[in-house]
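This report refers to the structure that appears directly beneath it.
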Amino acid sequence: VVGGRWSKGEPAIITNPGASWYYVREIMGRWEPAEPALAQNPESAYKYAKTFLRERFKQGEPAIARSPKFSWFYVKDVLGYARFPLGEPAIARNARYAYLYAYRVVGGRWPLAEPIIAKDAECALYYALDIIKGPWPEAEPAIAGPDNSGVPKFEWENYDYRYAEKVLKDPHPETWKERYWAKHQS
């Protein structure tokens with residue numbers, strides 16, 4: 001509506017992360033006076049770094065590091081899959097981002113995130129396949145899932161079958177889940 005810079009509004013805009021993001025996105029491009037406000041919010045700091053700086057935004061990294069999602073996107077889109085130590089505790093709180101970080105950035109096991117990954121059947125399956133390259137007993141309860149016999153599953157949800165077939169090389173993957181729970185329940 002303004003059709004360009006709005007000098008009278010800029011003092012107020014630079015105090016608000018959301019307003020600063022929309023202003024730089026629509027009007028300004030890189031705008032250093034807004035960087036302190038942009039650095040306060042994980043999403044605006046990440047988007048500013050990705051869209052306008054196209055490099056690290058050190059001032060915004062503490063905010064980015066509070067968010068698993070934006071820490072992962074920052075690693076992927078801004079840092080080029082380089083490690084982001086400040087964001088690792090946040091990334092490790094989300095199984096999907098933690099698996100991706102271990103696979104794409106760490107390049108191997110990532111003990112900090114294993115307790116969270118082990119609780120997510122899908123991520124645990126892929127962590128066992130792609131990173132451990134073998135059985136992962138700590139994750140088997142999640143991979144086996146609850147005993148929900150008779151409940152139809154979509155093919156891509158058969159993490160227990162795929163784990164038994166691809167990781168354990170079980171000759172009868174279709175019965176692994178039942179055998180697992182028979183062995184591990186008292």
Side-chain angles (χ1 to χ4, degrees), residues 14-25 28-145 156-157 159-160 162-163 166-169:
I14 64 170
T15 65
N16 181 292
S20 291
W21 166 247
Y22 287 111
Y23 194 65
V24 298
R25 188 185 77 191
M28 299 292 299
R30 183 171 186 173
W31 189 37
E32 290 182 22
E35 289 180 2
L38 292 164
Q40 295 173 22
N41 176 277
E43 183 174 7
S44 62
Y46 155 73
K47 286 180 175 179
Y48 186 68
K50 178 185 178 209
T51 306
F52 297 109
L53 300 180
R54 295 184 183 91
E55 64 184 9
R56 291 187 84 143
F57 182 27
K58 289 201 180 258
Q59 189 177 3
E61 286 183 356
I64 293 166
R66 294 192 314 257
S67 166
K69 175 181 176 180
F70 293 111
S71 288
W72 167 247
F73 288 161
Y74 188 69
V75 164
K76 179 174 73 74
D77 298 332
V78 178
L79 301 181
Y81 296 105
R83 285 193 86 148
F84 180 37
L86 191 61
E88 287 183 359
I91 294 169
R93 293 192 317 258
N94 179 288
R96 182 166 312 280
Y97 299 133
Y99 159 73
L100 291 169
Y101 192 81
Y103 183 67
R104 297 293 307 262
V105 179
V106 176
R109 290 188 78 156
W110 189 29
L112 176 66
E114 286 185 1
I116 295 298
I117 296 169
K119 294 177 186 173
D120 182 290
E122 180 182 19
C123 295
L125 166 67
Y126 290 113
Y127 195 82
L129 273 170
D130 300 333
I131 295 169
I132 295 174
K133 298 184 186 322
W136 192 18
E138 297 85 355
E140 288 179 358
I143 295 168
W156 60 84
E157 292 177 330
Y159 307 124
D160 54 304
R162 289 165 44 199
Y163 180 78
K166 305 242 184 245
V167 176
L168 300 177
K169 311 288 191 224

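Every value quoted in this text rests on a predicted model; they were computed, and no experiment measured them. Any value given below was found using the heavy atoms of this structure, including those in side chains, with hydrogens, waters and symmetry copies removed.
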**Asked** Under 6.0 Å from the CZ atom of Arg104, do we count more than 12 heavy atoms belonging to anything else shown?
**Response** no

**Request:** Give a yes or no answer on whether the side chain of Tyr159 reaches the backbone of Asp120 with a donor-acceptor pair at less than 3.5 Å.
**Result:** no

**Asked** Should Glu43 and Lys69 count as an ion pair when the cut-off is N to O under 4.0 Å?
**Response** no

I'd like a table of donor-acceptor pairs (distance under 3.5 Å, sequence neighbours excluded) in which one partner is a side-chain atom from residues 82-93, with atom names and distances.
from, atom 1, to, atom 2, distance (Å)
Arg83, NE, Glu88, OE2, 2.8
Arg83, NH2, Glu88, OE1, 3.3
Arg83, NH2, Glu88, OE2, 3.0
Glu88, OE2, Tyr101, OH, 2.6
Arg93, NH2, Arg66, O, 3.2

**Request:** Measure the spacing between CD1 of Ile117 and CD1 of Ile131 and express it to the nearest 0.5 Å.
**Result:** 6.5 Å

**Message:** Is any side-chain heavy atom of Tyr74 closer than 4.5 Å to one of Arg56?
**Reply:** yes

**Prompt:** Is a side-chain N or O of Tyr163 found less than 3.5 angstrom from the main chain of Trp136, in a donor-acceptor match?
**Reply:** yes

**Message:** Can you tell me if Phe52 has over 12 outside heavy atoms packed within less than 6.0 Å of its CZ?
**Reply:** yes

**Message:** Once you measure the plane-to-plane angle for Tyr126 and Tyr99, does it fall in the parallel (<30°), tilted (30-60°) or perpendicular (>60°) bin?
**Reply:** tilted

**Request:** Apply salt bridge (Lys or Arg N to Asp or Glu O under 4.0 Å) to Glu140 and list each qualifying residue two or more places apart in sequence or on a separate chain.
**Result:** none

**Prompt:** Roughly how far apart are Tyr97 OH and Ile116 CD1, rounded to 0.5 Å?
**Reply:** 14.5 Å

**Prompt:** Does the pair Trp72 and Val105 meet the rule for a side-chain contact (heavy atoms from CB on, under 4.5 Å), with working shown?
**Reply:** CA-CA 10 Å; Trp72 167 247; Val105 179; 4.1 Å; yes

**Item:** Check: Lys133 side chain, Asp130 main-chain N or O, donor-acceptor pair, under 3.5 Å
**Value:** yes

**Asked** Which distance, rounded to the nearest 0.5 Å, do you find between the CZ of Arg162 and the CG of Leu168?
**Response** 14.0 Å

**Complete:** Rounded to the nearest 0.5 angstrom, the CG-CD distance for Leu38 and Gln59 is 8.5 Å

